[in-house]
> 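I'd like to ask you about the structure that follows.
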Amino acid sequence: MVPDALTGFARVHADLVVHDETAGFFRARHPAPGRRVAIVSGGGSGHEPLHLGFLGAGMLDAVCPGQLMASPHNRQVFDASRAVSRGAGVLHLVKNYTGDRINFGIAAERLAHEGIDCARVLIDDDLASDSPESATGRRGTGAAVLVEKVLGAAADTGLGLRELADMGTELVGRCRSLAVASAAHRTPATGRSAFDLAEGDLEWGVGIHGERARRTESRPALDELVTRMTEELLAALDPAAGDSVIALVNGLGGVTRLELYGVARELATRLDRWGLVLERVLVGDFVTALDMRGFSLTLMRADPETVKWFDAPAHTPSWPR
């Protein structure tokens with residue numbers, strides 16, 4: 001399934017991407033000419049359009065797709081990084097999952113042996129896994145899209161590796177996400193659900209790989225649900241009245257765009273009430289979990305420079321603006 005889908009993606013978007021089938025990575029066909037530092041990301045398949053949909057000028061230079069819900073191999077990351085390196089270093093954007101951290105880390109060590117400078121930004125925005133019981137800490141979820149966009153635009157101006165790495169770490173610190181679901185995704189090979197939920201129940205804090213949430217509860221009305229989610233996000237980010245935010249209303253694969261715009265309306269209304277400025281909002285499927293029936297909210301505290309980078313042009317298969 002995954003190899004066929006990747007071949008299909010390469011065929012459909014041949015004007016934007018180059019597929020190295022032997023090494024197992026994709027690179028941008030037309031990277032921005034002013035960029036000195038290459039940006040590389042990747043992760044398990046099944047979360048499309050992340051990351052392949054954001055490959056191209058203004059965002060990523062190379063993407064390493066893994067098997068279904070599985071990290072790419074360190075060899076893929078190494079080969080991709082070496083292929084797109086311009087001599088000023090490579091920046092890895094890594095979601096905080098054990099396999100991704102291990103394989104990107106091994107690739108970075110191999111790059112160092114080749115004399116290629118490498119830095120990492122670890123994306124760990126998921127509130128649901130922010131607990132002492134979580135061995136790896138907060139998971140990486142919706143913030144990956146926002147960080148890839150902002151850092152990509154900054155890299156296009158010619159910023160150096162350390163500047164971009166520091167900026168990325170600071171951006172991640174300004175992002176938090178939370179996801180809910182009323183039904184799990186179905187495993188393509190079997191058609192079975194990753195977990196079972198009773199009618200009317202909700203998983204609060206579900207993971208994008210089908211990880212069970214920290215609690216299951218009765219599903220509230222949408223206005224109450226979005227209010228509670230927004231309150232948790234704002235408690236973590238602690239913005240002041242008048243602060244600006246960028247929001248991502250993200251479908252997990254099984255929610256209609258009509259429903260997501262209803263969620264966006266509820267979110268915008270609550271941010272208005274709390275005196276925050278909603279500078280930009282993205283609505284749609286960006287980080288999915290196959291066909292999971294759920295959605296996530298991501299908030300990023302944004303200063304004028306962040307908004308400027310967010311608005312900069314990007315030419316990728318899936319960036320909507």
Side-chain angles (χ1 to χ4, degrees), residues 23-28 31 35-44 47 50-52 54-55 59-66 70-126 129-130 134-156 158-177 208-209 287 298 300 306 309:
F25 69 85
F26 289 75
R27 61 176 175 84
R35 184 176 293 196
R36 297 189 300 123
V37 174
I39 302 181
V40 178
S41 192
H47 305 304
L50 194 77
H51 295 275
L52 280 172
F54 308 118
L55 175 62
M59 294 191 75
L60 299 172
D61 290 286
V63 168
C64 305
S71 169
H73 194 277
N74 65 80
R75 182 177 57 251
Q76 293 172 259
V77 180
F78 171 72
D79 288 340
S81 301
R82 188 168 56 175
V84 298
S85 173
R86 297 170 174 81
V90 177
L91 182 64
H92 288 167
L93 305 186
V94 184
K95 301 189 303 302
N96 188 28
Y97 295 96
T98 301
D100 290 348
R101 292 181 64 166
I102 290 172
N103 282 299
F104 275 87
I106 294 172
E109 292 178 359
R110 295 183 64 190
L111 290 167
H113 285 303
E114 299 244 338
I116 298 174
D117 199 8
C118 184
R120 181 181 75 177
V121 172
L122 189 66
I123 300 169
D124 59 349
D125 54 304
D126 175 44
S129 46
D130 190 2
S134 175
T136 57
R138 290 188 302 267
R139 298 175 292 220
T141 58
V145 179
L146 303 182
V147 170
E148 287 172 1
K149 177 63 188 71
V150 174
L151 283 184
D156 284 352
L159 292 184
L161 181 61
R162 302 305 160 195
E163 294 172 287
L164 290 169
D166 289 346
M167 180 187 296
T169 299
E170 197 265 339
L171 283 172
V172 171
R174 292 197 261 128
C175 292
R176 291 294 182 270
S177 300
I208 61 173
H209 299 96
V287 185
T298 301
M300 171 188 277
T306 304
W309 298 136

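Here, residue 1 is the first one in the sequence, and each next residue gets the next number.
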> Hey, is the main chain of N74 close enough, under 3.5 Å, to the side chain of N103 for a donor-acceptor pair?
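It does hold such a pair.
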
> Apply side chain to side chain contact (heavy atoms under 4.5 Å, CB included) to residues V37 and R86 and explain how you reach the verdict.
CA-CA 7 Å; V37 174; R86 297 170 174 81; over 6 Å; no

> Just how far is it from atom SG of C118 to atom CZ of R110, taken to the nearest 0.5 Å?
12.5 Å

> Once rounded to the nearest 0.5 Å, what's the spacing between atom CD1 of I116 and atom CZ of F78?
6.5 Å

> Any side-chain heavy atom of L60 sitting closer than 4.5 Å to one from L93?
yes

> Are there more than 12 heavy atoms of other residues, nucleotides or ligands under 6.0 Å from atom CZ of R120?
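It does: R120 CZ has more than 12 such atoms within range.
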
> Side chain to side chain contact (heavy atoms under 4.5 Å, CB included), that's the test. Do H92 and L111 meet it? Break it down for me.
CA-CA 12 Å; H92 288 167; L111 290 167; 3.9 Å; yes

> Check each of R36, R82, R35, R27 against D61 using the salt bridge (Lys or Arg N to Asp or Glu O under 4.0 Å) test, and report the only one that passes.
R35

> Check whether any side-chain heavy atom of F25 lies under 4.5 Å from a side-chain heavy atom of S81, and answer yes or no.
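The answer is no; the side chains never approach within 4.5 Å.
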
> Salt bridge or not for D100 and R139, using N-O below 4.0 Å?
no

> Taking only residues two or more places apart in sequence, or in another chain, which ones meet H73 in a ring pair (Phe, Tyr, Trp, His ring centres under 6.0 Å)?
none

> Testing the basics here: between A62 and L55, what is the closest heavy-atom pair and its distance to 0.1 Å?
N-CD1, 3.6 Å

> Would the distance check show the side chain of D125 and the main-chain N or O of A143 forming a donor-acceptor pair, the cut-off being under 3.5 Å?
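Judged by distance alone, yes, a pair lies under 3.5 Å.
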
> Taking atom CD1 of I123 and atom OG of S41, what is their separation to the nearest 0.5 Å?
6.0 Å

> What is the minimum heavy-atom distance between P72 and G43, and which atoms define it?
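Where P72 meets G43 most closely, the heavy atoms are CD-CA, 3.7 Å.
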
> The test is side chain to side chain contact (heavy atoms under 4.5 Å, CB included); show your working for I39 and E148 and say whether it passes.
CA-CA 9 Å; I39 302 181; E148 287 172 1; 6.0 Å; no

> What heavy-atom pair brings G137 and N96 nearest, and what distance separates the two atoms?
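Nearest heavy atoms, G137 then N96: C-ND2, 3.9 Å.
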
> I want to check something: taking the side chain as every heavy atom from C-beta on, are P65 and F26 in contact at a cut-off of under 4.5 Å?
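Side-chain contact under 4.5 Å: yes.
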
> To the nearest 0.5 Å, how far apart are CZ in R75 and SG in C64?
11.0 Å

> Just by distance, with hydrogens left out, do D126 and T141 show a side-chain donor and acceptor under 3.5 Å apart?
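No - no donor-acceptor pair under 3.5 Å links their side chains.
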
> What is the minimum heavy-atom distance between V287 and G142, and which atoms define it?
CG2-CA, 4.1 Å

> Taking the side chain from T169 and the backbone from A165, do they hold a donor-acceptor pair closer than 3.5 Å?
yes

> Is there a donor-acceptor contact under 3.5 Å linking the side chains of H51 and K95?
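Side-chain D/A pair, H51 to K95: present.
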
> For a quick test of reading the model, state the closest non-hydrogen atom pair linking I208 to G140 and the distance between them.
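That would be CD1-O, 4.0 Å.
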
> Heavy atoms only: give me the nearest K149-W309 pair and the separation to one decimal.
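Closest approach of K149 to W309: NZ-O, 2.9 Å.
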
> Between V172 and D124, is a side chain to side chain contact (heavy atoms under 4.5 Å, CB included) present by the stated rule, with each step listed?
CA-CA 7 Å; V172 171; D124 59 349; 3.2 Å; yes

> Going through the distances and angles, do R174 and E170 end up as a salt bridge (Lys or Arg N to Asp or Glu O under 4.0 Å)?
CA-CA 7 Å; R174 292 197 261 128; E170 197 265 339; 2.8 Å; yes

> For residues L171 and L146, determine if any side-chain heavy atom of one lies less than 4.5 Å from a side-chain heavy atom of the other.
no

